[in-house]
Colleague: 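My structure is below; once you've seen it, I'll send some questions.
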Amino acid sequence: MLNAKRIFLLGATGSIGENTLKVIRNYPEDFELVGVSADQNTEKLASICKEFGVKTAAITNLKSFNEIKGQSVFPAETKLLGGHSGLEELILSEKADMAVVAISGACALAPTLSAIGQGMDIALANKEALVLGGSFILEAAQENNIQLLPIDSEHNAIFQCLQGYRKEDLKSIILTASGGACREVPLKDLKKFTPNEATQHPNWKMGKKITVDSSTMANKGLELIEAKWLFDLSIDQLKVVIHPQSIVHSFVEWVDGSILAQLSPPSMTFPIQHCLHYPNKKPAIQPSLDFKKSLNLEFYPPDLDRYPCLALAYEALKMSPYGGAIYNAANEVAVERFLNGSIAFTDIPRLIENALLNITTDNQFSLETLISLDQETRTKTNEYNIG
Ligand code: NDP
Ligand code: MG
């Protein structure tokens, strides 16, 4: 393990966490897992620590931490830390080369900034942190001279397609979108679309929140804002196309009319492996596309009546630098309210629109202002009676 990359996996128990572990499991000589975190799933985290001999683990949910503290759930050699301060301590206390940020939600912003501050390269799956505090993440990455590698499949595709070209020759990027679970549902039936239906993705196996975001296409809205920060783009350079097969992960269009794409099967192990081994390449841990079999790929423009969350993301982009924070916080709360049955599927865009129309600030632009806008949006969106 002398030359192994030392890895932190933040959000190890989730869907991206699981896929990251698959890559690490396949290349034990290349990677050493030195720190992991989860929020509540202590049992799964303990079994990860046992399998990979992890030295330090953080459990951010204090109730879950207190429940298992002092019991022999975790291996004796794993140091256990509790709460968000425990996660911070983990990042500050262990030395690692790369942090894989696979935590869901905007709460990933603080640990991402801490890991950058420690000089670690970042493989970033989480998009909410970038949508909230993109300018601060990019600034910190530059200051600390670290590599920021996007795991999100569309951004990973764009990152790969941009290699070796001049940025000034870029015309636009075109994010592909599957259209999610409600792609074929008649518009009149969307009001009755249930949490169970909205969490069934046709192509990808992912966490609940992002699967609902795919159904509303708020996920693509977040990804537009994510792309703006990652690749320093203007609104007119940011486009979306529906591609039901999820094989082409995005396009890059150059001024000379040439369009490049990155293709692979719809599995997150491909972009994760790209980031973990970057800048090298190693054999894939699962089969890629097989052109001996016929492959039909379709592309068509998104219907904004079906996907109002996508149109609202363009409005949020116009409201930069605050629109992203408001859009993201309102969406996170709206999805929670939808999943707990208190609002309808079609109320999700209504709550986001309400927040974008009514929440604003005159304060000077700073991380503190963004975080207080995030909090204000959450409180108001939770309280808003949709009627
Ligand atoms: P999951 O819900 O499957 O996993 C989330 C992980 O974060 C779990 O380890 C969870 O712990 C932990 N977590 C949850 N809440 C908190 C919190 N408040 N503080 C700290 N940790 C927390 O999500 P996904 O793996 O699907 O997604 C992770 C991120 O990656 C999201 O931002 C998503 O948008 C992005 N992404 C995901 C893709 C996918 O294919 N899944 C594709 C592209 C991007 P516990 O299990 O204990 O609750
Ligand atoms: Mg994506």
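Any value given below was found using the heavy atoms of this structure, including those in side chains, with hydrogens, waters and symmetry copies removed. Start at 1 and go down the list; that is how both ligands and their atoms are numbered. Because the structure is predicted, anything quoted here is derived from the model rather than measured.
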Colleague: May I ask you to say whether Glu128 pairs ionically with Lys209, meaning some side-chain N is under 4.0 Å from a carboxylate O?
Modeller: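 Lys209 and Glu128: salt-bridged.
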Colleague: Angle between ring planes, Phe159 versus His274, binned at 30° and 60°: parallel, tilted or perpendicular?
Modeller: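 The rings of Phe159 and His274 stand perpendicular, inter-plane angle above 60°.
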Colleague: One thing to verify: whether Lys220 and Glu223 come together as a salt bridge, which I'm taking to mean a side-chain N less than 4.0 angstrom from a carboxylate O.
Modeller: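 Yes, this pair counts.
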Colleague: Could you pull out the N/O contacts under 3.5 angstrom between ligand 1 and the surrounding protein atoms?
Modeller:
residue  : atom   : partner : partner atom : Å
ligand 1 : 3 (O)  : Ser15   : N            : 2.9
ligand 1 : 7 (O)  : Ser104  : N            : 3.4
ligand 1 : 9 (O)  : Gly11   : O            : 3.3
ligand 1 : 9 (O)  : Thr13   : N            : 3.3
ligand 1 : 9 (O)  : Thr13   : OG1          : 2.7
ligand 1 : 9 (O)  : Gly14   : N            : 3.3
ligand 1 : 11 (O) : Thr13   : OG1          : 3.3
ligand 1 : 11 (O) : Asp39   : N            : 3.0
ligand 1 : 25 (O) : Ser15   : N            : 3.1
ligand 1 : 25 (O) : Ile16   : N            : 2.9
ligand 1 : 26 (O) : Gly207  : N            : 2.9
ligand 1 : 32 (O) : Asn126  : ND2          : 3.4
ligand 1 : 32 (O) : Glu128  : OE1          : 2.7
ligand 1 : 41 (N) : Ser15   : OG           : 3.2
ligand 1 : 46 (O) : Thr13   : OG1          : 2.7
ligand 1 : 47 (O) : Asp39   : N            : 2.9
ligand 1 : 47 (O) : Gln40   : N            : 2.6
ligand 1 : 47 (O) : Asn41   : N            : 2.7

Colleague: Side chains of Ser64 and Ile68, heavy atoms from C-beta outward: is any pair under 4.5 Å?
Modeller: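 They are not in contact (no side-chain heavy atoms under 4.5 Å apart), so the answer is no.
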Colleague: Less than 3.5 Å apart, any donor N or O on the side chain of Ser214 or Thr211 sitting next to an acceptor on the other?
Modeller: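 Judged by distance alone, the side chains do not pair up.
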Colleague: Can you classify the ring geometry of Phe31 versus His277 as parallel (below 30°), tilted (30 to 60°) or perpendicular (above 60°)?
Modeller: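 It falls in the tilted class, 30° to 60°.
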Colleague: Salt bridge check, Glu18 against Lys22: does any charged N sit closer than 4.0 Å to a carboxylate O?
Modeller: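 Looking at Lys22 and Glu18, the cut-off is not met.
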Colleague: Only one of Lys5, Lys282, Arg25 passes salt bridge (Lys or Arg N to Asp or Glu O under 4.0 Å) with Asp30; say which it is.
Modeller: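 Output: one option passes, namely Lys282.
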Colleague: For the Mg ion (ligand 2), count the protein N, O or S atoms found under 2.8 Å away.
Modeller: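 Excluding waters, the total comes to 3.
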Colleague: Would you say the rings of Phe365 and Phe136 are close, in the sense that their centroids are separated by under 6.0 Å?
Modeller: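 Here the rings of Phe365 and Phe136 have centres that are less than 6.0 Å from each other.
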